[in-house]
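Notes for the one structure printed next.
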Amino acid sequence: MNRQILLRRRPDGLVKPDDTELVTGQVPEPKDGEALLRTTYVGIDAAARTWLDDQPGYLPPVQLGEVIRAAGIGEVVASRCDAYAVGDVVTTLTGFQDYVIIRDDIFATPVVGYTDQLAVMSVYGPTGATAYFGMTGVGRPQPGDTVVVSAAAGATGSVAGQIAKIAGARVVGIAGGPDKCRAVVVDFGFDACIDYKSDDVRAALKAHCPRGVNVYFDNVGGPILDAVLGRLAPKARVVLCGVISSYLTGEHPGPANYVNLLSKTATMQGFNALDEWGRFEEAFAALSGWERDGLLAHRETVFDGLESCVDALNGLFTGANIGKMLVKVSEPTPA
């Protein structure tokens, strides 16, 4: 049987029990050109919450009655597609469900050479690629630069900051609470971390970035973005990756300190990792090499069971995760 979590109502704020429904149906049969994937892990990303709103984006919103969309990983259990053999591990948009039909398209990527599915989801999947393209392509940190990363204890921020460290920069994280700040420094190797829940962020930025911020990798928007914009160095690069501070409300107030982009001749640029599809192998090769050399660490927060997907999604916005948020749906086949 195939369990699925469907969207029944557009959420207002956190996802509530009546917004979704867990249903059970038959496992789908693959047709010619298709394969059947058994989901092992569902990745929980902040973008999944934005897909539940009736607003256009780089992917269309999830419609009422549809399976809630999410990126995940699984194993092929039946195939009528030349691109996949039974036993292959594939990352794709699994959604909140036990089984999903995949095709040979942009959304499904076979995993070759890696046996640790947690590492794939934390580093080698869309999360790692997003950090890689944003930091190397837009941020472009140089030796001696000061780099600031918000949501630094999260999946993307933790990898982005480590990439900046590899490039020779001094890296300051921003995270919420002593446990997360400790993980940012101890586990992920940042030089310092500002606790936005207890520190005066503007004063802490002045203390930790006395010559200004050369690169800011922004995952949150809102007041923190405004505070960092007030501390930019000349020719700074601001990377717009996410706006988690306002995903629940849908309100995105503009920063007052944007005028510093003019006075510091700085740039602020958004990006989408899907636009770099042709460079994913490059990203994965670099990330895997760094991890193999001990330069790239990862952590995961894992919820157990498909029925916990909604709780895990809400947990992203209540500070429940360090590193990649995942839901274990089924047991991976031992390597």
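D145 contributes atom CG, which lies 9.0 Å from atom CZ of R211 (distance to the nearest 0.5 angstrom). Between I194 atom CD1 and C209 atom SG the span is 6.0 Å, to the nearest 0.5 Å. The CG atom of D98 sits 10.5 Å away from the CE atom of M1 when rounded to the nearest 0.5 Å. For the atom pair OG (S263) and CG (N257), the distance works out to 9.0 Å, reported to the nearest 0.5 Å.
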Hey, mind stepping through K324 and E300 against salt bridge (charged side-chain N to carboxylate O under 4.0 Å, His left out) and telling me if it holds? CA-CA 5 Å; K324 180 72 174 180; E300 298 81 29; over 6 Å; no
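Here K16 does not pair with D12 in a salt bridge; the nearest charged N to carboxylate O distance is not below 4.0 Å. Using a cut-off of 4.0 Å between Lys/Arg side-chain N and Asp/Glu carboxylate O, R231 and D226 are scored as not salt-bridged. In this structure, E34 pairs ionically with R103, as a charged nitrogen and a carboxylate oxygen lie closer than 4.0 Å. D32 has a carboxylate O that lies under 4.0 Å from a charged side-chain N of R80, or vice versa, which qualifies the two as a salt bridge.
Under the side chain to side chain contact (heavy atoms under 4.5 Å, CB included) criterion, R140 pairs with Q142, R237, sequence neighbours left out.
Side-chain contact between R38 and P332 is absent, with no heavy-atom pair separated by less than 4.5 Å. Contact of the L22 side chain with the R3 side chain is registered, since non-hydrogen atoms from C-beta on lie closer than 4.5 Å. Inter-residue side-chain proximity for I102 and V100 is flagged as met; some heavy-atom pair is nearer than 4.5 Å.
Follow the hydrophobic side-chain contacts under 4.5 Å out from I101 and you never reach V42; the two are in separate clusters. One hydrophobic cluster holds both V149 and V201 under the rule that ILVMFWY side chains link at heavy-atom gaps under 4.5 Å. Cluster membership check: L326 shares its hydrophobic cluster with L306, using side-chain heavy-atom separations under 4.5 Å among Ile, Leu, Val, Met, Phe, Trp and Tyr. Cluster membership check: L59 does not share its hydrophobic cluster with V67, using side-chain heavy-atom separations under 4.5 Å among Ile, Leu, Val, Met, Phe, Trp and Tyr. Under the 4.5 Å side-chain heavy-atom criterion for ILVMFWY residues, no single connected hydrophobic cluster contains both Y99 and V89.
D195 and S198 share a donor-acceptor pair across their side chains, judged by distance under 3.5 Å alone. Checking K328 against T40 by side-chain atom types alone, no donor-acceptor pair falls below 3.5 Å. Side-chain polar atoms of Q117 and E75 form a donor-acceptor pair below 3.5 angstrom. Of the N and O atoms on the side chains of E276 and Y132, not one donor lies less than 3.5 Å from an acceptor on the other residue.
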Under 3.5 Å, side-chain donor or acceptor atoms of residues 172-188 against the rest of the protein: list the pairs with distances, not counting sequence neighbours.
| residue | atom | partner | partner atom | Å |
| --- | --- | --- | --- | --- |
| D179 | OD1 | R182 | NH1 | 2.9 |
| K180 | NZ | N321 | O | 3.1 |
| D187 | OD2 | R299 | NH1 | 2.6 |

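At least one donor-acceptor pair closer than 3.5 Å links the side chain of D218 to the backbone N or O of V220.
Proximity of the aromatic rings of F133 and F280 is defined here by a centroid distance below 6.0 angstrom, and this criterion is met.
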